[in-house]
Protein chains: 2
Amino acid sequence: MPRVSQDHLEARRRQILDGARLCFGRFGYEGATVRRLEEATGLSRGAIFHHFRDKESLFLALAEDDAARMADVVAEQGLVQVMRDLLAGDSEHPADWLGTRLEVSRRLRTDPEFRGRWAEHSQQLTVATRNRLEWQRRSGNLRDDIGVGVLAEYLQLVLEGLVSHLAMGLPADDLEPVLDVVEDSVRRHRGD
Amino acid sequence: MPRVSQDHLEARRRQILDGARLCFGRFGYEGATVRRLEEATGLSRGAIFHHFRDKESLFLALAEDDAARMADVVAEQGLVQVMRDLLAGDSEHPADWLGTRLEVSRRLRTDPEFRGRWAEHSQQLTVATRNRLEWQRRSGNLRDDIGVGVLAEYLQLVLEGLVSHLAMGLPADDLEPVLDVVEDSVRRHRGD
């Protein structure tokens with residue numbers, strides 16, 4: 001495929017994802033109708049569903065997008081930094097989009113295929129988190145009395161709590177020291 | 001008011017709450033129509049709304065009920081025990097009801113009055129958690145380098161993560177050691 005065409009496809013895909021993220025965030029999963037997705041992306045349903053099979057695939061592509069961006073931060077700075085970015089509002093994951101992630105919880109719980117596709121997309125965040133922790137362990141910065149798998153699960157559970165907290169619009173200006181506790185609890189301490 | 005009548009009112013209120021919890025859990029907040037609430041409680045809408053002003057009040061009464069039960073466990077055994085109970089499925093908070101709590105996140109975020117009523121009801125859990133931590137500190141079991149307020153926020157953030165995790169039907173059979181990490185991270189250690 002010629003280069004220009006591939007660039008064009010990628011730009012179009014990005015345009016759809018950016019518009020859809022705003023649309024899902026604003027109207028919720030159910031409320032993001034095809035009509036509203038057309039308005040938000042500035043593209044016809046034909047163009048949108050040329051790139052994404054259906055609304056579910058579009059939503060899952062956004063979840064994968066989140067996971068990929070977070071995995072990049074994790075690789076460089078760890079999962080606690082992802083949380084600090086969320087807290088600072090520095091990320092491209094505003095509360096209304098985070099809320100949409102919560103709204104699909106019923107679907108995730110009751111639809112094994114949907115859950116499977118979601119889990120597959122989130123997998124890269126888990127892998128990045130484990131890799132980062134293994135690297136920290138080799139560097140001697142990580143506590144060594146608990147397995148890396150458990151520590152990865154722990155950090156991801158806190159991230160889920162933070163996502164839920166922000167999505168509910170609960171006060172978050174005092175959570176910075178809480179994240180310090182989280183970071184400290186996976187670290188190796190002098191004398192350990 | 002004669003005793004028998006008060007008992008009757010309390011029993012009726014309990015009957016409504018129990019039925020409504022199942023109904024919200026099964027159909028979600030939006031899906032729990034008045035018709036379905038009648039079926040689930042075995043009572044007429046007149047009887048239901050004699051006890052609770054509207055659906056929102058009924059839902060918030062359930063959230064308050066949750067907070068009260070959790071606060072009882074917190075007072076005796078701490079917030080990590082609440083999480084262990086949730087994990088073991090020993091509580092009266094099955095995943096589908098937990099999911100309904102997530103589904104109202106948009107409403108919580110965008111409707112300050114609703115958020116205010118929710119926060120008021122959840123307040124007793126926060127108070128119980130702080131009281132328990134203060135007591136642990138006086139007993140010398142709590143780390144003393146971090147304020148009780150921060151540790152309470154920390155534990156509540158993890159609880160939010162667990163609620164979200166269970167509501168999404170994600171695998172939870174390996175979370176017991178994660179809760180050990182959480183418990184350990186607020187404890188005082190020998191040599192501290």
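In what follows, chains carry the letters A, B, and so on, assigned in the order in which the sequence lines appear, proteins first and then strands, with residues in each chain numbered from 1.
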Among A:G147, A:P177, A:S105, which has the most heavy-atom pairs under 4.5 Å with chain B? A:S105
Check: B:T41 side chain, B:G19 main-chain N or O, donor-acceptor pair, under 3.5 Å: no
Mark yes or no for whether B:H121, through its side chain, and B:L60, through its backbone, hold a donor-acceptor pair below 3.5 Å. yes
Select, from B:E160, B:R107, B:R109, the one with the greatest count of heavy-atom pairs under 4.5 Å involving chain A. B:R109
Could you state the interatomic distance from SG (A:C23) to CD1 (A:I16), rounded to the nearest 0.5 Å? 12.5 Å
Largest heavy-atom contact set with chain B, pairs under 4.5 Å, which of A:V158, A:V178, A:L159: A:V178
Residue B:D184 versus chain A: region with a heavy atom under 4.5 Å: side chain
Interface moiety of A:D145 toward chain B, non-hydrogen atoms closer than 4.5 Å: neither
Might you confirm whether atom CZ of A:R26 has over 12 heavy atoms from other residues, nucleotides or ligands at distances under 6.0 Å? no
Cationic tip of A:K55 above A:Y29 ring, under 6.0 Å, 45° of axis: yes
Charged N-O contact under 4.0 Å between B:R115 and B:D111: no
Check whether B:L166 gets within reach of chain A through its side chain, its backbone, both or neither, counting any heavy atom under 4.5 Å. backbone
Taking B:R106 for the side chain and A:G25 for the main chain, is one N or O donor matched with an acceptor at less than 3.5 Å? yes
Checking heavy atoms, do the side chain of A:L175, its backbone, both or neither come under 4.5 Å from chain B? side chain
I'd like to verify something: which residue of B:A119, B:S164, B:A167, B:G99 has the highest number of heavy-atom pairs under 4.5 Å with chain A? B:A167
When the 4.5 angstrom heavy-atom criterion is applied to A:I146 and chain B, the contacting part is side chain
Contact part of B:F114 toward chain A, heavy-atom cut-off under 4.5 Å: side chain, backbone, both or neither? neither
